[in-house]
Amino acid sequence: MGDGVGPGEEGEEEGEGEDGAVLVRDSKDKAGPHLTFSPTAWQAFVDLARTL
């Protein structure tokens with residue numbers, strides 16, 4: 001997943017894809033699927049998560 005942030009406490013991992021897309025996957029299942037977010041959508045998610 002590139003040069004993104006490493007595993008979090010719950011085992012998630014994020015990285016950067018083409019065109020700045022943010023890729024998120026379960027670090028415990030590296031062969032499994034990943035979610036793809038636009039940079040704008042990912043930032044909106046992060047901003048919302050910080051308010052919870």
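Excluded from the calculations below are hydrogen atoms, water molecules and symmetry mates; all remaining heavy atoms, backbone and side chain alike, are included. In this text, all values refer to a predicted model and were calculated from it rather than measured experimentally.
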Starting at CH2 of W42, measure out to CG of L35 and round the result to the nearest 0.5 Å. 8.5 Å

Here the gap from T51 atom OG1 to L48 atom CG, rounded to the nearest 0.5 Å, amounts to 4.5 Å

T36 and H34, any side-chain heavy atoms less than 4.5 Å apart: yes

